[in-house]
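In what follows, every chain begins at residue 1, and chains take the letters A, B, ... in the order their sequences are listed.
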Number of protein chains: 2
Amino acid sequence: MDVARSEVLVIGTSVACRSCQARHGVVCGALSAGQLSELGRHSLRRKVDAGCEIIAQGSENSFYSNITRGVVKLCKVMSDGRQQIVGLQFAPDFVGRPFVRESTLSAEAATDAEICVFPRNLLERMILETRELQRSLHAQALNELDAAREWMLTLGRRTAEEKVASLLHLIAAHAETATSTAIDLPLSRAEIADFLGLTIETVSRQLTRLRKEGVIRIENIRHITVPDMDALAKKISG
Amino acid sequence: MDVARSEVLVIGTSVACRSCQARHGVVCGALSAGQLSELGRHSLRRKVDAGCEIIAQGSENSFYSNITRGVVKLCKVMSDGRQQIVGLQFAPDFVGRPFVRESTLSAEAATDAEICVFPRNLLERMILETRELQRSLHAQALNELDAAREWMLTLGRRTAEEKVASLLHLIAAHAETATSTAIDLPLSRAEIADFLGLTIETVSRQLTRLRKEGVIRIENIRHITVPDMDALAKKISG
DNA sequence: CGTGATATTGAAAGGTCTCAACAGGAGTGG
DNA sequence: CCACTCCTGTTGAGACCTTTCAATATCACG
């Protein structure tokens, strides 16, 4: 965590875009070939280690980025240190808040990740020029809003066990192989606690509880398998 | 609550628009004079009593509306009856989710309110035609997203006393007279509990606690005054 | 002045947190 | 290769906060 660093890999080009996870994502999928090429010429691929901060809470937004690999957590911290993860973003999500000066939250790589960084002015110009891009960003904002409100229900009204089950369900839903029931946790126990509004001890206890109930198998700290996804879903009341 | 009803008052016209709270709000402020007139000709003013449901969770979106008076709560309910208010909307906010078939939450008048109802097809056409309208709706979505995430911090990490103080602070921030410290609660104790992820008893206890500490005065059930707004803010850890 | 709905208050139960000890794994150096 | 250390995660016991259940109070309304 303390040695987390980021490294600029290559200058993005149209060539690099062709095989990019985010090529048909929120931003790039909304651009014309010409725009994509222009954006590509001015973009940078950055490799960010787990724990590396991409955007700091309260900092000025000077760039935007696409997640091309890995998971990014959006985090709010209080002055006394309490903190809450308010969103998880997966490739090929867009990260940043165009036309807004200051970020109200921090974005940090949860896993080793790769992002494609766009200069602020260029992207803002393209948004103004391209209806489809604006529509696409609007759609992502609405999806994030739905996710945030769904999570508010979890934070406010679900028990610790339901919360943990909800998280596993959420992550399973984002796993690439939909049929597979093997879950790669992108978060440490402390991060799970910060996402669920619990302590790490409670998270740990609820995980072992789900294990003893036979709902999950804990292969190791970061790998969990779900023999019966319906049984997991039943742990999450409606 | 059980006798809540809604009543169509008048057909909106350009004349009615002139004195409307929402005239320069999210939707109407983004339209040209011609568009405003067209929208006005096809809109209805509806008066909705407190407790009246405007949009039902799981229902089809067949119309959209502007709040022209009062407060609307956005609510999610679980199959076992637990429920969570995931947002409060004040005049002149826009209510609804264009281009989405089914609502994932319910919208209900918290106070007696008035809304201006737009037909689905017309508004969706205008959004497609009018960049400024889309931009404006995008901006509201982002504001709601920020509010939702801020509230996630409250739900996940604040104590009961901090939660109640946060709610009072939120409502005071939306009060028309900024200098006044008199708060008109738009919510019952049960609704406050559903917004804060608490029980009504805990809400009640925390309110009397704040009263005994001298932070608030409870004039009556729906009216609270805050002698020292800074003292209230201090109850909400950063 | 009853009546019902909403709100407050009290006492006990329960869930989550706090504090503390222990376990497991990765990396390091002997 | 093994001991050592550090870090993360697990488990236990007791405390604390919030909930639950119950009784009482307050207010609007007929």
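Going from atom CG of A:Leu207 over to atom C1' of C:dA23 covers 16 Å, rounded to whole Å. As a whole-Å value, the separation of B:Leu185 CG from C:dT8 P is 10 Å. Rounding to whole angstrom units, CZ of residue B:Arg82 and P of D:dT18 are separated by 18 Å. Between A:His223 atom NE2 and C:dG25 atom P the separation is 14 Å, expressed in whole Å. In this structure, A:Arg189 atom CZ and C:dG24 atom P are separated by 15 Å, rounded to whole Å. Look at CZ on B:Arg222: it is 7 Å from P on C:dA7, rounded to the nearest Å. Rounded to whole Å, atom C1' of D:dT8 lies 14 Å from atom CD1 of A:Ile218. The CD1-P distance, from B:Ile192 to C:dT6, rounds to 14 Å in whole Å.
Here A:Phe118 pairs with nothing under the ring pair (Phe, Tyr, Trp, His ring centres under 6.0 Å) rule; sequence neighbours left out. When the side chain to side chain donor-acceptor pair (under 3.5 Å) test is applied to A:Ser65, no partner is found at least two apart in sequence or on another chain. The side chain to side chain donor-acceptor pair (under 3.5 Å) search around A:Asp194 returns B:Arg157, not counting sequence neighbours. Under the ring pair (Phe, Tyr, Trp, His ring centres under 6.0 Å) criterion, A:Phe90 pairs with A:His174, not counting sequence neighbours. Taking B:Arg120 as the reference, B:Glu60 meet the side chain to side chain donor-acceptor pair (under 3.5 Å) condition, with sequence neighbours excluded. For B:Asp93, the side chain to side chain donor-acceptor pair (under 3.5 Å) test picks out no residue, with sequence neighbours left out.
Listed in residue order, the members of residues 198-205 of chain B having a heavy atom less than 4.0 Å from DNA chain D are B:Leu198, B:Thr199, B:Glu201, B:Thr202, B:Arg205. Residues from residues 150-170 of chain A lying near DNA chain C, meaning a heavy-atom separation below 4.0 Å, are A:Thr159, A:Ala160 in numerical order.
Within the structure, the ring-ring contact (aromatic ring centres under 6.0 Å, His included) test picks out no pair touching residues 197-235 of chain B (sequence neighbours left out).
Side-chain N or O atoms of A:Glu102 include none that pairs as donor or acceptor with a backbone N or O of A:Asn61 at under 3.5 Å.
Using a 4.0 Å heavy-atom distance criterion, B:Arg209 is classed as making no nucleic acid contact.
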Taking only distance into account, with no hydrogens and no angle test, what donor-acceptor pairs under 3.5 Å do side-chain atoms of residues 198-207 of chain B form with protein atoms, sequence neighbours excluded?
from: B:Thr199; atom 1: OG1; to: B:Thr202; atom 2: N; distance (Å): 3.3
from: B:Thr199; atom 1: OG1; to: B:Thr202; atom 2: OG1; distance (Å): 3.0

Give the table of side-chain donor-acceptor pairs shorter than 3.5 Å for residues 229-238 of chain B, with sequence neighbours excluded, one pair per line with atom names and distance.
from: B:Lys235; atom 1: NZ; to: B:Glu213; atom 2: OE1; distance (Å): 3.2
from: B:Ser237; atom 1: OG; to: A:Asp80; atom 2: OD2; distance (Å): 3.2
from: B:Ser237; atom 1: OG; to: A:Arg82; atom 2: NH2; distance (Å): 3.3

Identify each atom pair where a protein N or O and an N or O of nucleotides 25-30 of chain D are less than 3.5 Å apart, giving names and distance.
none

Subject >> Residues B:Glu144, B:Gln89; criterion side-chain hydrogen bond (donor to acceptor under 3.5 Å, both in side chains); working and verdict >> reply: CA-CA 9 Å; B:Glu144 288 181 35; B:Gln89 306 213 273; 3.0 Å; yes
